[in-house]
**Q** 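A single structure is presented below for examination.
Lettering of chains follows the sequences in order, A, B, ..., and the numbering in each one begins at 1.
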Amino acid sequence: MFKPLKRSFFERNTLEVAPELLGKNIILRQSRKKERRGIIVEVEAYTNDDPACHAARGKTLRNEVMFGPGGFSYVYFIYGMYHCLNFVTEEEGIPGAVLIRALEIPDEDPRIASGPGKLCKHLKITKNHNKLDCCNEDSSLIVTNNNSNKKHCFPITQTQRIGISQASHYPWRWYIKDNPSVSKTIEKRV
DNA sequence: GACCGGATCCGT
DNA sequence: CGGATCCGGTCT
């Protein structure tokens with residue numbers, strides 16, 4: 001059995017949580033036996049008081065999970081064809097989330113989950129996975145520490161966020177340097 | 001009820 | 001760089 005990260009991990013400043021999610025495992029239980037795993041290699045932070053954040057204009061039906069406790073999933077549908085996975089940060093009442101932009105999937109092509117839409121497609125993450133409490137060990141979606149040999153010793157690159165028009169210059173994107181599963185590496189570094 | 005733009009991806 | 005494709009937010 002795997003131990004999910006505690007709620008106290010998520011209920012901190014989004015800009016602290018985001019880079020710390022790099023190297024962590026996402027575990028998705030799809031049935032009693034079947035389980036998929038991915039290593040987080042690229043993230044972006046979206047905070048309260050951030051024009052690009054879905055919560056920037058207050059609570060709506062779509063974004064309300066961002067206003068709740070940390071550690072919940074926020075999955076939304078975009079461009080008529082893709083889903084994107086986030087984990088809610090900050091304490092209850094303060095919206096914030098970390099967008100998971102790329103995963104390294106063991107024994108798979110490194111490009112199979114190299115983007116926020118691609119990773120949801122590969123893991124079959126849909127709106128059914130919205131609002132799951134990922135700190136509950138019985139949840140079908142959890143995040144765990146990586147116990148493998150290639151521990152926390154990896155260089156991290158910080159750049160501007162990509163794919164957005166509002167506040168795109170904020171340097172709130174982090175990825176594992178030289179990891180082949182990162183979506184793009186051409187953006188301006190900080 | 002209608003309109004419009006989007007935290008994407010792929011092929012050209 | 002354009003097209004696919006559809007939902008949520010906003011305004012009427």
**Q** Shoot me the first and last contacting nucleotide of DNA chain B against chain A, ordered 5' to 3', at under 4.0 angstrom to non-hydrogen atoms.
**A**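 Counting from the 5' end, contacts occupy B:dG6 to B:dC10.
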
**Q** Looking at A:Lys3 and A:Glu137, does any basic side-chain N land under 4.0 Å from a carboxylate oxygen?
**A**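 Here A:Lys3 does not pair with A:Glu137 in a salt bridge, since their nearest N and O are not under 4.0 Å apart.
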
**Q** Give a yes-or-no answer on whether the side chains of A:Ser140 and A:Gln30 include a donor-acceptor pair shorter than 3.5 Å.
**A**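 The answer is no; no qualifying pair exists.
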
**Q** Does A:Arg111 offer a backbone N or O that forms a donor-acceptor pair with the side chain of A:Ser181 under 3.5 Å?
**A**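 No; judged by distance alone, with no hydrogens or angles, the pair does not exist.
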
**Q** Taking only Lys NZ, Arg NE, NH1 and NH2, and the carboxylate oxygens of Asp or Glu, determine whether A:Arg161 and A:Asp50 approach each other closer than 4.0 Å.
**A**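 Judged by the 4.0 Å cut-off on N to carboxylate O distance, A:Arg161 and A:Asp50 do form a salt bridge.
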
**Q** Find the distance A:Tyr82:OH to C:dG8:P and express it as a whole number of Å.
**A**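 In whole Å, C:dG8 P and A:Tyr82 OH are 18 Å from each other.
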
**Q** Kindly say whether the aromatic ring centers of A:His54 and A:Tyr76 come within a distance under 6.0 Å.
**A**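 Yes; A:Tyr76 has its ring centre under 6.0 Å from that of A:His54.
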
**Q** Flag this pair as yes if the NZ/CZ of A:Lys131 is under 6.0 angstrom from the six-membered ring centre of A:Phe72 and inside a 45 degree cone about the axis; otherwise no.
**A**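 No, a cation-pi geometry is absent between A:Lys131 and A:Phe72.
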
**Q** Base, sugar-phosphate or nothing for A:Phe77? Non-hydrogen atoms, less than 4.0 Å.
**A**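 Result for A:Phe77 = sugar-phosphate.
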
**Q** Give A:Gly80 one of three labels, base, sugar-phosphate or nothing, depending on what nucleic acid heavy atoms sit under 4.0 Å from its own.
**A**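 Result for A:Gly80 = base.
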
**Q** Base, sugar-phosphate or nothing for A:Ser183? Non-hydrogen atoms, less than 4.0 Å.
**A**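 Since no nucleic acid heavy atom lies under 4.0 Å of A:Ser183, the category is nothing.
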
**Q** For Watson-Crick and G-U wobble pairs within 3.5 Å on both distances, what is DNA chain B written in dot-bracket notation, | included for inter-strand pairing?
**A** ||||||.||||.

**Q** Whole angstroms only, please: what is the OH-P distance between A:Tyr79 and C:dG2?
**A**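 That distance rounds to 15 Å.
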
**Q** How about A:Ile142 and A:Thr144: do any of their side-chain heavy atoms sit closer than 4.5 Å?
**A**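 A:Ile142 reaches A:Thr144 side chain to side chain.
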
**Q** For A:Lys121, report the nucleic acid contact type (base, sugar-phosphate, nothing); a contact means any heavy atom under 4.0 Å.
**A**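 Counting heavy atoms under 4.0 Å across all strands, no contact is made by A:Lys121.
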
**Q** Please find the pair of heavy atoms, one from A:Tyr170 and one from A:Pro51, that lie closest to each other, and give the distance.
**A**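 A:Tyr170 and A:Pro51 have their closest heavy atoms at OH-CD, 3.6 Å.
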
**Q** Could you tell me how far apart A:His83 (NE2) and C:dC6 (P) are, to the nearest whole angstrom?
**A**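 Taking NE2 of A:His83 and P of C:dC6, I get 11 Å after rounding.
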
**Q** Please enumerate all protein N or O atoms sitting under 3.5 Å from an N or O of nucleotides 9-12 of chain C, with distances to 0.1 Å.
**A**
from  : atom 1 : to      : atom 2 : distance (Å)
C:dG9 : OP1    : A:Thr60 : OG1    : 2.4

**Q** Taking only the P atom of each, what is the distance from C:dG2 to B:dG5 in whole angstrom?
**A**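 It works out to 16 Å between them.
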
**Q** Taking only Lys NZ, Arg NE, NH1 and NH2, and the carboxylate oxygens of Asp or Glu, determine whether A:Arg12 and A:Glu20 approach each other closer than 4.0 Å.
**A**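 Salt bridge present between A:Arg12 and A:Glu20.
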
**Q** Would you give the length of the straight line joining atom CG of A:Leu21 to atom CD1 of A:Ile40, rounded to the nearest 0.5 angstrom?
**A**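 A:Leu21 CG to A:Ile40 CD1: 5.0 Å, rounded to 0.5 Å.
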
**Q** Without hydrogens or angle criteria, can the side chains of A:Lys24 and A:Asn146 be said to hold a donor-acceptor pair below 3.5 Å?
**A**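 Looking only at side-chain atoms, A:Asn146 and A:Lys24 do not form any donor-acceptor pair under 3.5 Å.
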
